[in-house]
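Below is one structure; the comments refer to it alone.
Throughout, numbering of the chain's residues begins at 1 and tracks the sequence.
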Amino acid sequence: MKCTYNFSAGPALLPKSVMLRAQAEMLDWHGSGMSVMEMSHRGKHYMSIIDKVESDFRSLFNVPKNYKVLFLQGGAIAQNSMVPLNLLNGKKANYVVSGYWSKRSYQDALPFGDMTIAASSEAIGYAKAPDPKDWKIDPSAAYVHFCSNETIHGVEYFDMPSIKTIPVVADMSSHILSRPVDISQFGVIYAGAQKNIGPAGLTIVIVRDDLLDVASPLTPSVFNWKTQVENQSMINTPTTYSIYIAGLVFEWLIELGGLEVIEKHNIKKAELLYGYIDSTDFYSNPIDIKNRSRMNVPFRIQNEDLHTSFVTGAENLGMIGLKGHRLVGGIRASIYNAMPIEGIQALVDYMKDFEKSH
Ligand SMILES: *Cc1c(COP(=O)(O)O)cnc(C)c1O
């Protein structure tokens, strides 16, 4: 098989060892005579899988006891509506806009009530994330929402907000599990799986216990966090196979040494790529050094006409998924947990060659 490096933003690459294990277990999971895909979600085999997935996730991400973990469907986008439905309770909410995804969360929330923008970096092209110290928090609001890693614009929060007055809700879809996080600072964390966790279809939601009692009566039961908590994420059939694969990814991370270890890898990878971009005028990345995402690295070539041939040339060498998002153009390398440093080195070597020949 040709060696490829997949730089796609999501659905994204998975660790090779996880795929091989899934392949080995595909037809007969642990002597059950069934594929995980064929199991009843309430049967003893699957219950043992989901219990271990949850306990591994909790220990890996250090989830405190007073938080529930849910395995839902609908993607991060569904949570844009579920957050106000589950939390608003007739109050207002505050939104921080630091890129495409947080703006979309704000827009999706508008039909549910009075939403105010606590801070926005739209006017500066999202080049720098609004500092939590400058967020205008309304103490009577139900929550403040932000996106801790903007996948399209490549903007990441490293100093997470520490706000005591109202619950903080974070969309961590594209950098969850890339480093340790102090979960006690958050009311709700959610993430679609297809960036840094596993296959598409699964959405993980972490909710603090005291926030489970205020859902609007209009909340559909599948999207009511409390109902899902009471039914162990099984008010309907959960996305069983995606949850199983996510569990294999958690085991892979635990064996690697956990999030402190993966964070070190991720820092090295990001430094290698940004370091090269900054060393030449041929390529550029516009994001403030303090907010440059370790997971999604958008960059441009000075001569914009070269983007297409850059992407095609990379594909010919087995480096796929480098085309920038259609909204911003240019090039984007998504370098999630499963991307080995060899992939970044191959990309940087190609960037050097491309620069020389153009
Ligand atoms: C990909 C992404 C989404 C959208 O996720 P879906 O699973 O398509 O709903 C939302 N927020 C962020 C930060 C993302 O990266």
Would you say [Y] and [X] are linked by a side-chain donor-acceptor pair, where the criterion is simply a distance under 3.5 Å?
{"X": "Thr151", "Y": "Asn296", "answer": "no"}
{"X": "Thr280", "Y": "Glu355", "answer": "yes"}
{"X": "Asn291", "Y": "Tyr126", "answer": "no"}
{"X": "Lys164", "Y": "Ser162", "answer": "yes"}
{"X": "Tyr46", "Y": "Arg42", "answer": "no"}
{"X": "Trp225", "Y": "Glu230", "answer": "no"}
{"X": "Glu156", "Y": "Ser148", "answer": "no"}
{"X": "Ser81", "Y": "Asp108", "answer": "no"}
{"X": "Tyr350", "Y": "Gln345", "answer": "no"}
{"X": "Tyr283", "Y": "Gln302", "answer": "no"}
{"X": "Arg292", "Y": "Asn285", "answer": "yes"}
{"X": "Asn266", "Y": "Ser178", "answer": "no"}

Notebook entry, point to check: Going through the checks in order, is the side-chain contact (heavy atoms from CB on, under 4.5 Å) test met by Phe250 and Ile245?
Noted result: CA-CA 9 Å; Phe250 302 155; Ile245 298 282; over 6 Å; no
Find the distance between [atom1] ([X]) and [atom2] ([Y]) and round it off to the nearest 0.5 Å.
{"X": "Phe158", "Y": "Lys290", "atom1": "CZ", "atom2": "NZ", "result": "12.0 Å"}
{"X": "Cys147", "Y": "His175", "atom1": "SG", "atom2": "NE2", "result": "7.0 Å"}
{"X": "Ile176", "Y": "Leu60", "atom1": "CD1", "atom2": "CG", "result": "9.5 Å"}
{"X": "Ile183", "Y": "Asn62", "atom1": "CD1", "atom2": "CG", "result": "7.0 Å"}
{"X": "Asn196", "Y": "Asn337", "atom1": "CG", "atom2": "CG", "result": "4.0 Å"}
{"X": "Met19", "Y": "Leu13", "atom1": "CE", "atom2": "CG", "result": "8.5 Å"}

Of all the heavy-atom pairs spanning [X] and [Y], show the shortest one and how long it is.
{"X": "Ala142", "Y": "Pro167", "value": "O-CD, 3.2 Å"}
{"X": "Val249", "Y": "Pro15", "value": "CG2-CD, 4.3 Å"}
{"X": "Lys195", "Y": "Gly10", "value": "CD-CA, 3.9 Å"}
{"X": "Val155", "Y": "Ala129", "value": "CG1-CB, 3.7 Å"}
{"X": "Ala9", "Y": "Ser334", "value": "CA-OG, 3.2 Å"}
{"X": "Phe282", "Y": "His358", "value": "CE1-O, 3.6 Å"}

Check: [Y] and [X] side chains under 4.5 Å, non-hydrogen atoms:
{"X": "Ile243", "Y": "Ile49", "result": "no"}
{"X": "Val222", "Y": "Gln228", "result": "yes"}
{"X": "Phe7", "Y": "Leu347", "result": "yes"}
{"X": "Val181", "Y": "Phe61", "result": "yes"}
{"X": "Leu273", "Y": "Lys269", "result": "no"}
{"X": "Met351", "Y": "Phe310", "result": "yes"}
{"X": "Val169", "Y": "Val144", "result": "no"}
{"X": "His307", "Y": "Ile301", "result": "yes"}

Check whether any side-chain N or O of [X] sits under 3.5 Å from a backbone N or O of [Y] as a donor-acceptor pair, and report yes or no.
{"X": "Tyr274", "Y": "Ser293", "answer": "yes"}
{"X": "Thr219", "Y": "Ala215", "answer": "no"}
{"X": "Glu25", "Y": "Ala22", "answer": "no"}
{"X": "Ser105", "Y": "Trp101", "answer": "yes"}
{"X": "Thr203", "Y": "Gly75", "answer": "yes"}

Next item on the list: Would you mind telling me which of Leu253, Leu14, Ile204 makes a side chain to side chain contact (heavy atoms under 4.5 Å, CB included) with Ile197?
Entry: Ile204
Tell me whether [X] at atom [atom1] has more than 12 heavy atoms from other residues, nucleotides or ligands lying less than 6.0 Å away.
{"X": "Asp51", "atom1": "CG", "value": "yes"}
{"X": "Asp281", "atom1": "CG", "value": "no"}
{"X": "Lys68", "atom1": "NZ", "value": "yes"}

Note to self: As a quick check of understanding, evaluate side-chain hydrogen bond (donor to acceptor under 3.5 Å, both in side chains) for Ser174 and Asn149, giving each step before the final call.
What the structure shows: CA-CA 6 Å; Ser174 50; Asn149 185 64; 2.9 Å; yes
Next item on the list: Show your working on side-chain contact (heavy atoms from CB on, under 4.5 Å) between Met234 and Met47 and close with a plain yes or no.
Entry: CA-CA 11 Å; Met234 291 190 187; Met47 288 309 289; 3.8 Å; yes
Cluster question for you: counting only ILVMFWY and a side-chain heavy-atom cut-off of under 4.5 Å, with indirect links fine, are [X] and [Y] together?
{"X": "Leu87", "Y": "Ile137", "result": "no"}
{"X": "Ile189", "Y": "Val53", "result": "yes"}
{"X": "Leu110", "Y": "Leu88", "result": "yes"}
{"X": "Tyr241", "Y": "Leu202", "result": "yes"}
{"X": "Val96", "Y": "Val168", "result": "yes"}

Next item on the list: Could you check Tyr143 against Asn86 for side-chain hydrogen bond (donor to acceptor under 3.5 Å, both in side chains), going step by step and ending with a plain yes or no?
Entry: CA-CA 11 Å; Tyr143 61 87; Asn86 279 277; over 6 Å; no
Checklist line | For Lys226, the option from Asp210, Asp209, Asp213 that meets salt bridge (charged side-chain N to carboxylate O under 4.0 Å, His left out) | finding: Asp213
Margin query: Taking the basic N atoms (NZ, or NE/NH1/NH2) and the acidic carboxylate oxygens, is any pair closer than 4.0 Å for Glu260 and Arg179?
Written below: no
Notebook entry, point to check: Does the pair Asp138/Lys91 count as a salt bridge with the N-to-O cut at 4.0 Å?
Noted result: no
Next item on the list: Output, in order, the C-alpha distance, side-chain angles, deciding distance and verdict of side-chain contact (heavy atoms from CB on, under 4.5 Å) for Arg208 and Val188.
Entry: CA-CA 6 Å; Arg208 207 174 62 208; Val188 177; over 6 Å; no
Item checked: His145-Tyr95 aromatic ring centre distance below 6.0 Å -> yes
Margin query: One pair to check against side-chain contact (heavy atoms from CB on, under 4.5 Å): Trp252 and Ser17. What are the steps and the verdict?
Written below: CA-CA 8 Å; Trp252 171 74; Ser17 62; 3.4 Å; yes
